[in-house]
Amino acid sequence: MSNSFQILAIDGGAGTGKSTTASILADRLHLLHVDTGSHYRSITKYLTENEISPDSVQRFLAESSPSLSSQIEGNRSLLSVDGHIYPPASLRTKEVNHFVSHVASVAEVRTLLFDYQRGQIETAKENSFSGLVMEGRDIGTVILPDADLKIFLVADQKIRESRRQSDGEVDKISSRDFLDTSRSIAPLKESEGSLRIDTSQFSIEDVYAAIANKIGMG
Ligand code: DC
């Protein structure tokens with residue numbers, strides 16, 4: 001096993017298996033797991049709690065930017081927004097699902113998260129992890145373009161919808177996909193040199209094996 005610090009970036013649409021893949025990699029390779037979708041969800045939750053509509057997000061952030069910090073739980077890094085860490089279930093409500101893509105398309109929100117997310121490399125080192133696995137939509141293209149391995153996950157539309165339903169979520173995958181891929185800032189797209197995996201055809205063990213092999217951990 002190599003001693004070097006490993007940086008893995010995982011991108012893909014909703015329900016393509018990013019979290020399952022990132023979790024197994026983090027558990028087996030002792031990596032810090034950073035779910036950036038939860039960052040956008042936490043900011044959305046914070047804004048809705050402060051009764052800020054998606055249209056006034058820009059003005060609100062220009063006047064009062066929330067402070068961001070990390071709390072490590074097991075091998076996960078959780079975002080604290082002005083001292084609030086939101087419980088996972090509260091980040092997957094219908095309201096958050098509805099607004100999150102709009103909030104994620106605001107340049108000021110992405111600027112606010114950029115340094116925080118890059119800073120997770122230091123957080124992982126300070127907490128003695130062997131590396132970092134970060135999942136999202138723009139990780140390979142914008143946040144960690146220098147990652148040791150960039151992974152792009154895709155899956156059949158029907159399978160993605162049924163995964164989200166079995167998670168108990170009411171989520172319009174196709175409309176969120178449309179917003180996430182068509183926005184002008186940091187749209188979801190495959191980064192050059194990515195390992196592309198169609199997770200509808202493989203078990204999680206197969207996906208793990210393909211990635212582990214690629215980074216010499218197989
Ligand atoms: O992965 P998720 O479904 O929890 O992501 C929630 C939303 O956040 C998704 O609609 C797009 C946005 N997002 C983003 O724009 N960039 C990221 N790096 C991660 C998520």
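Order of appearance sets the numbers: ligands from 1, and atoms from 1 within every ligand. Along the sequence shown, residues are numbered consecutively beginning with 1.
At least one N/O-N/O distance between D180 and ligand 1 falls below 3.5 Å. Between R41 and ligand 1, at least one N/O pair is under 3.5 Å apart. Residue Y40 has no N or O atom closer than 3.5 Å to an N or O atom of ligand 1. Looking at S101 next to ligand 1, an N or O pair under 3.5 Å apart turns up.
Residue D138 holds the heavy atom nearest to atom 18 (N) of ligand 1 of all those in L188, D138, L113.
At distances below 3.5 Å, not a single donor-acceptor pair connects side-chain atoms of D148 with backbone N or O atoms of L8. At distances below 3.5 Å, not a single donor-acceptor pair connects side-chain atoms of H30 with backbone N or O atoms of N75.
Judged by distance alone, the side chains of R163 and T199 do bring a donor and an acceptor atom under 3.5 Å apart. Between the side chains of Q120 and E122, not a single donor N or O lies within less than 3.5 Å of an accepting N or O. Y208 and S203 share no donor-acceptor pair across their side chains, judged by distance under 3.5 Å alone. A side-chain donor from one of E135 and H33 sits under 3.5 Å from a side-chain acceptor of the other.
Residue contacts with ligand 1 for M134 are absent, since no atom lies close enough (heavy atoms, distance under 4.0 Å). At a heavy-atom cutoff of 4.0 Å, ligand 1 is contacted by the side chain of V100 but not by its backbone. Only the side chain of R110 comes within contact range of ligand 1, with a heavy atom under 4.0 Å; no backbone atom does. Neither the backbone nor the side chain of Q117 comes within contact range of ligand 1; no heavy atom lies under 4.0 Å.
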Side-chain donor-acceptor contacts of residues 149-158 below 3.5 Å, not counting sequence neighbours, with atom names and distances?
residue, atom, partner, partner atom, Å
K150, NZ, P145, O, 3.1
K150, NZ, S191, OG, 3.0
Q157, NE2, E161, OE2, 2.9

Under 3.5 Å, sequence neighbours excluded: what are the donor-acceptor pairs made by side chains of residues 57-64?
residue, atom, partner, partner atom, Å
Q58, NE2, E108, OE2, 3.4
S64, OG, F60, O, 3.4

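Using a 4.0 angstrom heavy-atom cutoff, R183 counts as in contact with ligand 1. Residue contact check for ligand 1: R92 places a non-hydrogen atom closer than 4.0 Å to it.
Close contacts between ligand 1 and A104 involve ligand atoms 12 (C), 15 (O) [criterion: under 4.0 Å to a heavy atom].
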